[in-house]
Protein chains: 2
Amino acid sequence: MKQTTRQQKIIDLVQKNGYVSTDDLVERFKVSPQTIRRDLNELADENKIRRHHGGATTPLSSVNTAYNTRKVMQLHEKDCIAEALVKYIPNGATLFIDIGTTPESIAKELVKNHKDLRVVTNNINVAAILMGNEDFKVILAGGEVRNRDGGIVGEATLDFIKQFRLDFGILGISGIDYDGSLLDFDYHEVRVKKAIIENSRSVYLAVDHTKFGRNAMVNLGNISELDMLITDQQPPEEIAALLKEHNIPFEVISRTS
Amino acid sequence: MKQTTRQQKIIDLVQKNGYVSTDDLVERFKVSPQTIRRDLNELADENKIRRHHGGATTPLSSVNTAYNTRKVMQLHEKDCIAEALVKYIPNGATLFIDIGTTPESIAKELVKNHKDLRVVTNNINVAAILMGNEDFKVILAGGEVRNRDGGIVGEATLDFIKQFRLDFGILGISGIDYDGSLLDFDYHEVRVKKAIIENSRSVYLAVDHTKFGRNAMVNLGNISELDMLITDQQPPEEIAALLKEHNIPFEVISRTS
DNA sequence: GTCAATTTGTTGTAATTCGAAACTAATATG
DNA sequence: CATATTAGTTTCGAATTACAACAAATTGAC
């Protein structure tokens, strides 16, 4: 086998597995450890991989950096919120799951223990996550895929969503204003969110505390339309008052860290 | 700092960077290497991370094993076929990409150097791959997601596909009979493939040699409907004769391994 | 405050991994 | 045909990392 071929294969392997050890590669290509080290060092020089003691990993993500770094913010909080929310979802339920990193965390939680869910989503990541559970029936809305986050939006998506009427709508959101307005940045995304609200028997909103009072351009409805809110810190007074006024149950998870 | 907190932070770091070294962690938490090793080993036992000499990486996704192992079969051949096929796709083209592992390889090739493609697909993996290139416009067909391979099939998918009329249709397939019949296993999938054939100006079929003479239940058309066939080994006489008879160009890639 | 359990640090030793240099084989190149 | 050039292997000392066992420190409960 040619050197270039081998190096290409090494890149593929790293991309696929996230990590390869020199031993693995020696085994796989039947060459000496030194040869592998040369390959790895050369590839590392070209930034094709990251070199480490004992092997190599994927280079610092070339694409999707914006989305992937955003994904990590408040990761632990999102997980805790997700853990709390899924307790309210019974087995066998039907639900929408929205675009966003929090909804993705929720999908990860659902996949662990739930059974027989039927889920409609317009988030390609959520669909990929839910595929992991064979008991689930996953329906993906069609439309144009946004490269930045794998969300699917547009007119076609809207029509698709409107075909369904499900038990739960699980929403993420960009901001909640002090007057209870639910806000987001993208007009098209907002239209889909609205459709989800209209076609769900119960709407659950999961937000981390950074969203309170945060501003965004497009109004997609009011907090009074929700059936439950789950968050990780006591909301500001104004919002807490609104929740009380409209008798909307909300859960503030206890932080474990 | 508590042990649980540190371990959670380690997980976050691994998720974020794909890799952390023990040294990094020692530096970051100001604790002894031994403590870090204990943490890493514990986390590895719980499958939260993958342990390696010198550090740790993200765990291997436990799900999708059946599909992922299948994915590796003839991996190199598929890659070579893909490399040959994408040379026929000009920048700025519009194309369908089908369900299957070969089409996924093709998507991986396209993402590397092509520009301004507009792609319609019913394969969630292809969509995820193509997202990597910001120049591409990716349109995903809606419908039910098959857990086993991320294919999207069904009536809704069919209607969605039929809305488009594109330059190229890139097909994968389960088998080609000696009489030139194109065969597959799933009736619903076949209907989608037929729709792709009907709505593409040129249909390109990429198959590895294991598909020749292989039988499957559902007939989805004849080899004469193709505009090009790319494969990795000289096809059997019968099929070669059919290709010649219908003046269908085909390329047999030279194996580099 | 005391005791027990847990967590962390230290030390010594074993196991891996690395890189440099010398050597072999195959392939061009004039 | 002699000579570069390139890729690969082998060997070996140095550096790095890991693990086990025990001591020290911290924590939590009563």
Side-chain angles (χ1 to χ4, degrees), chain A residues 1-60 75-76 79-80 253-257, chain B residues 1-60 75-77 79-80 83 253-257:
Chain A
M1 183 187 301
K2 284 180 188 170
Q3 190 191 33
T4 49
T5 312
R6 190 181 54 235
Q7 295 196 351
Q8 184 57 51
K9 283 197 166 204
I10 290 174
I11 294 174
D12 289 351
L13 278 168
V14 172
Q15 292 288 350
K16 182 171 174 184
N17 299 325
Y19 179 90
V20 281
S21 70
T22 32
D23 278 350
D24 279 354
L25 295 170
V26 167
E27 181 70 18
R28 187 180 300 267
F29 296 116
K30 308 290 182 199
V31 293
S32 71
Q34 282 310 318
T35 303
I36 294 299
R37 293 205 185 94
R38 243 201 320 271
D39 287 339
L40 293 181
N41 288 337
E42 284 171 21
L43 291 171
D45 283 343
E46 302 167 38
N47 267 318
K48 303 283 183 61
I49 59 173
R50 247 188 312 174
R51 186 74 168 83
H52 294 115
H53 222 274
T57 62
T58 46
L60 325 124
L75 184 139
H76 185 55
D79 284 350
C80 292
I253 59 149
S254 53
R255 301 190 60 183
T256 52
S257 63
Chain B
M1 182 187 300
K2 282 181 189 169
Q3 191 189 34
T4 50
T5 310
R6 192 180 52 237
Q7 294 196 353
Q8 183 58 49
K9 287 199 174 206
I10 290 174
I11 295 174
D12 289 355
L13 278 167
V14 171
Q15 292 289 348
K16 182 174 176 182
N17 299 324
Y19 179 90
V20 281
S21 70
T22 32
D23 278 350
D24 279 353
L25 295 170
V26 167
E27 181 70 17
R28 189 181 298 267
F29 297 115
K30 309 289 183 198
V31 293
S32 71
Q34 200 54 41
T35 303
I36 295 299
R37 292 205 185 92
R38 264 192 289 260
D39 285 339
L40 293 181
N41 288 338
E42 284 171 23
L43 291 171
D45 284 344
E46 301 166 38
N47 268 318
K48 301 285 184 60
I49 58 172
R50 247 188 312 175
R51 186 74 167 84
H52 294 115
H53 221 275
T57 62
T58 47
L60 18 81
L75 184 138
H76 184 56
E77 284 81 353
D79 285 351
C80 292
E83 207 178 318
I253 58 151
S254 53
R255 302 190 58 182
T256 52
S257 63

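Here is the naming used below: chain letters follow the sequence lines, and residue numbers restart at 1 for every chain.
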Original post:
Going through the checks in order, is the side chain to side chain contact (heavy atoms under 4.5 Å, CB included) test met by A/L25 and A/L13?
Top reply: CA-CA 9 Å; A/L25 295 170; A/L13 278 168; 4.0 Å; yes

Subject >> Stepwise side chain to side chain contact (heavy atoms under 4.5 Å, CB included) check, A/R6 with A/V31 >> reply: CA-CA 11 Å; A/R6 190 181 54 235; A/V31 293; 4.2 Å; yes

**OP:** For side chain to side chain contact (heavy atoms under 4.5 Å, CB included), just list the numbers for B/R28 and B/V20, CA-CA rounded to whole Å, side-chain angles, deciding distance to a tenth of an Å, and then say yes or no.
**Re:** CA-CA 11 Å; B/R28 189 181 298 267; B/V20 281; over 6 Å; no

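The two residues B/R51 and B/A44 make their nearest non-hydrogen contact at CB-CB, 3.8 Å. Taking every heavy atom of both residues into account, A/V26 and A/P33 meet most closely at CG2-CA, 3.6 Å. In plain terms, the two heavy atoms of A/T58 and A/R50 that are nearest each other are O-NE, 3.0 Å.
The CD atom of B/E42 sits 11 Å away from the C1' atom of C/dT6 (whole-angstrom rounding). In this structure, B/I36 places its CD1 atom 11 Å from C1' of C/dT8, rounding to the nearest Å. Put simply, CZ on B/R37 is 19 Å from P on C/dT7, counting in whole angstrom units. Look at CG on B/D45: it is 14 Å from C1' on D/dC19, rounded to the nearest Å. Whole-Å rounding puts the B/N41 CG to D/dC19 C1' distance at 9 Å. Rounded to an integer number of Å, the gap from B/Q7 CD to C/dT6 C1' is 13 Å. Protein atom NE2 of A/H52 is 12 Å distant from nucleotide atom P of C/dC18, rounded to whole Å. Separating the NE2 atom of B/H53 from the P atom of D/dA15 is a distance of 17 Å, rounded to the nearest angstrom.
Evaluated for a side chain to side chain contact (heavy atoms under 4.5 Å, CB included) with A/L40, the options A/D45, A/V14, A/T22 yield exactly one hit, A/T22.
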Contacts under 3.5 Å, N or O only, protein and nucleotides 9-11 of chain D:
residue	atom	partner	partner atom	Å
D/dT9	OP2	A/S32	N	2.9
D/dT9	OP2	A/S32	OG	3.0
D/dT9	OP2	A/T35	OG1	2.5

Distances under 3.5 Å between protein N/O atoms and the N/O atoms of nucleotides 23-29 of chain D, please, pair by pair.
none

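Interatomic distance, NZ of A/K48 versus CD of A/E42, reported as 10.5 Å (0.5 Å rounding). We find the OG1-CZ distance between B/T35 and B/F29 to be 11.5 Å, quoted to the nearest 0.5 Å. For the atom pair CD1 of B/I10 and CD of B/Q8, the computed distance is 10.0 Å after rounding to the nearest 0.5 Å. To the nearest 0.5 angstrom, B/Q34 atom CD is 10.5 Å from B/D39 atom CG.
Residue B/D39 is classed as having no contact, given no heavy-atom separation below 4.0 Å to the nucleic acid.
OP1 or OP2 of D/dG8 has at least one side-chain nitrogen or oxygen of A/R6 nearer than 4.0 Å.
When the local axes at the two ends of the helix from C/dG1-D/dC30 to C/dG30-D/dC1 are compared, using 5 base pairs at each end, they differ in direction by 40° after rounding to 10°.
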